[in-house]
Amino acid sequence: MTAMVKAEGVHKSFGAAHILKGIDLEVAPREVFCLIGPSGSGKSTFLRCINHLEKINAGRLSVDGELVGYRQRGDKLYELKDAEVARKRRDIGMVFQRFNLFPHMTALENVMEAPVQVRGEAKAVARARAERLLDRVGLADKAGNYPSQLSGGQQQRVAIARALAMEPKLMLFDEPTSALDPELVGDVLDVMRGLAEDGMTMIVVTHEMGFAREVGDALVFMDDGVVVESGHPRDVLTDPQHERTKSFLSKVL
């Protein structure tokens, strides 16, 4: 079976700062893959490399068997044109810490926007899907509300619906609950739990250890740009093998 995401010796630097120092990992189709670690460990940068928001400096990164951002001919890699990168990026949904909704559009319009503008979909088709997705995230009654009229948790659920509107084969979540008030976190995690049950392949950068333990199929602890420890979430969280993992978990659990 082809891995949905495969990273081989992935390096990323910003100037003199070496952020990713040879990341090797594989995410299987339908897997919920959790990334944990301290701030600055490279987790979010790695996510951004997967959909080519950041270009890697060395190594190989592929999604569903295709190289991200490059084409191989013989033993040489050629960078893809921006339009081609954007086309491939449509298959990858991304949900950020901050919701990044268009403030001048209703929840429904936010979810409809990309299929209409990027794929040229008929508005009626996009609207029907958007209504279905808002219902799925528990916000059918908020379709006509603007972001300013929604709580942070509701905005984040609209953002998830918006990412799903492009019918991605992979969803990336970058600490999707970290900007939310504690009582709003549960609703967002419930939506993500539902996606996992439906078989969506997900990579989740998270501080929600309970979610990782319950829903995750695999967990990686990153620190200082390297994978320190990986395994089944329950094993890593209850019986970490590496001192650095133990030290981190003692502070967050």
Side-chain angles (χ1 to χ4, degrees), residues 4 30 32 44 47-48 50-53 63-64 82-206 208 211 215:
M4 181 57 79
R30 305 175 68 87
V32 178
S44 296
L47 272 200
R48 293 172 67 83
I50 292 172
N51 67 355
H52 210 57
L53 288 173
V63 172
D64 202 16
D82 288 349
E84 215 167 335
V85 170
R87 194 159 56 244
K88 288 177 183 259
R89 196 180 284 139
R90 295 177 198 175
D91 292 333
I92 304 173
M94 186 150 184
V95 178
F96 300 88
Q97 291 179 36
R98 299 281 166 194
F99 327 118
N100 300 340
L101 298 176
F102 295 116
H104 62 289
M105 292 183 182
T106 63
L108 186 73
E109 289 165 345
N110 264 284
V111 179
M112 286 173 61
E113 178 72 0
V116 172
Q117 296 300 330
V118 177
R119 283 211 303 231
E121 200 164 85
K123 280 195 172 169
V125 175
R127 174 181 290 271
R129 187 192 300 106
E131 287 170 346
R132 216 165 42 242
L133 288 169
L134 286 174
D135 184 45
R136 181 180 185 176
V137 300
L139 293 173
D141 59 331
K142 303 290 185 190
N145 288 40
Y146 289 90
S148 61
Q149 300 168 314
L150 301 172
S151 72
Q154 290 168 335
Q155 289 186 60
Q156 192 60 296
R157 285 185 279 154
V158 173
I160 292 172
R162 179 181 61 180
L164 292 171
M166 290 295 279
E167 301 179 314
K169 53 187 165 189
L170 169 66
M171 284 283 282
L172 308 176
F173 291 88
D174 189 5
E175 296 186 22
T177 58
S178 66
L180 302 180
D181 292 334
E183 71 270 21
L184 303 176
V185 167
D187 292 337
V188 173
L189 293 180
D190 284 345
V191 169
M192 293 169 65
R193 216 172 262 120
L195 287 178
E197 286 163 8
D198 291 347
M200 173 62 77
T201 311
M202 297 157 63
I203 303 180
V204 185
V205 171
T206 187
E208 300 292 337
F211 174 85
V215 183

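Please read these numbers as outputs of a predicted model, since none were measured by experiment.
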### Query
If you measure from the Lys or Arg side-chain nitrogens to the Asp or Glu carboxylate oxygens, is any gap between R119 and E167 under 4.0 Å?
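Result for this pair is yes, salt bridge flagged.
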
Any side-chain heavy atom of [X] sitting closer than 4.5 Å to one from [Y]?
X    : Y    : value
V63  : D91  : no
V204 : F211 : yes
I203 : I50  : yes
L47  : L53  : no
R48  : M94  : yes
P168 : R90  : no
M105 : Y146 : no
R162 : N100 : yes

Distance-minimising heavy-atom pair for [X] and [Y]:
X    : Y    : result
V188 : G153 : CG2-O, 3.7 Å
Q156 : F96  : NE2-O, 2.8 Å
P147 : N110 : CG-ND2, 4.1 Å
A163 : G93  : CB-CA, 4.1 Å
G144 : T106 : O-CG2, 3.4 Å
R157 : V137 : NH1-O, 2.9 Å

### Message
For M171 and L164: C-alpha separation, side-chain torsions, deciding distance, then whether side-chain contact (heavy atoms from CB on, under 4.5 Å) applies.
### Response
CA-CA 8 Å; M171 284 283 282; L164 292 171; 4.0 Å; yes

### Query
For H52, does its backbone N or O pair with a side-chain atom of R89 as donor and acceptor, under 3.5 Å?
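Confirmed, R89 side chain pairs with H52 backbone.
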
### Message
According to side chain to side chain donor-acceptor pair (under 3.5 Å), who are the partners of E175, at least two apart in sequence or on a separate chain?
### Response
H207

### Message
T201: which residues meet the side chain to side chain donor-acceptor pair (under 3.5 Å) condition with it, sequence neighbours left out?
### Response
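Checked T201 against side chain to side chain donor-acceptor pair (under 3.5 Å); zero matches.
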
Just how far is it from atom [atom1] of [X] to atom [atom2] of [Y], taken to the nearest 0.5 Å?
X    : Y    : atom1 : atom2 : answer
L195 : I160 : CG    : CD1   : 7.0 Å
Q154 : L180 : CD    : CG    : 11.0 Å
E208 : L189 : CD    : CG    : 5.0 Å
R30  : K169 : CZ    : NZ    : 15.5 Å
S148 : Q155 : OG    : CD    : 8.0 Å
L172 : I92  : CG    : CD1   : 6.0 Å

### Message
For residues 134-148, which residue pairs pass the salt bridge (charged side-chain N to carboxylate O under 4.0 Å, His left out) check, not counting sequence neighbours?
### Response
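For residues 134-148: R136-D198.
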
#### Entry: Full working for side-chain contact (heavy atoms from CB on, under 4.5 Å) between V111 and V158
CA-CA 7 Å; V111 179; V158 173; 4.1 Å; yes

### Task
Answer yes or no: are there more than 12 heavy-atom neighbours, outside K123 itself, under 6.0 Å from its atom NZ?
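For K123, atom NZ is not crowded (no more than 12 foreign heavy atoms under 6.0 Å).
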
### Full working for side-chain contact (heavy atoms from CB on, under 4.5 Å) between M192 and V215
CA-CA 9 Å; M192 293 169 65; V215 183; over 6 Å; no

#### Entry: Candidate pair F173 and Q97, rule side-chain contact (heavy atoms from CB on, under 4.5 Å), full reasoning
CA-CA 8 Å; F173 291 88; Q97 291 179 36; over 6 Å; no

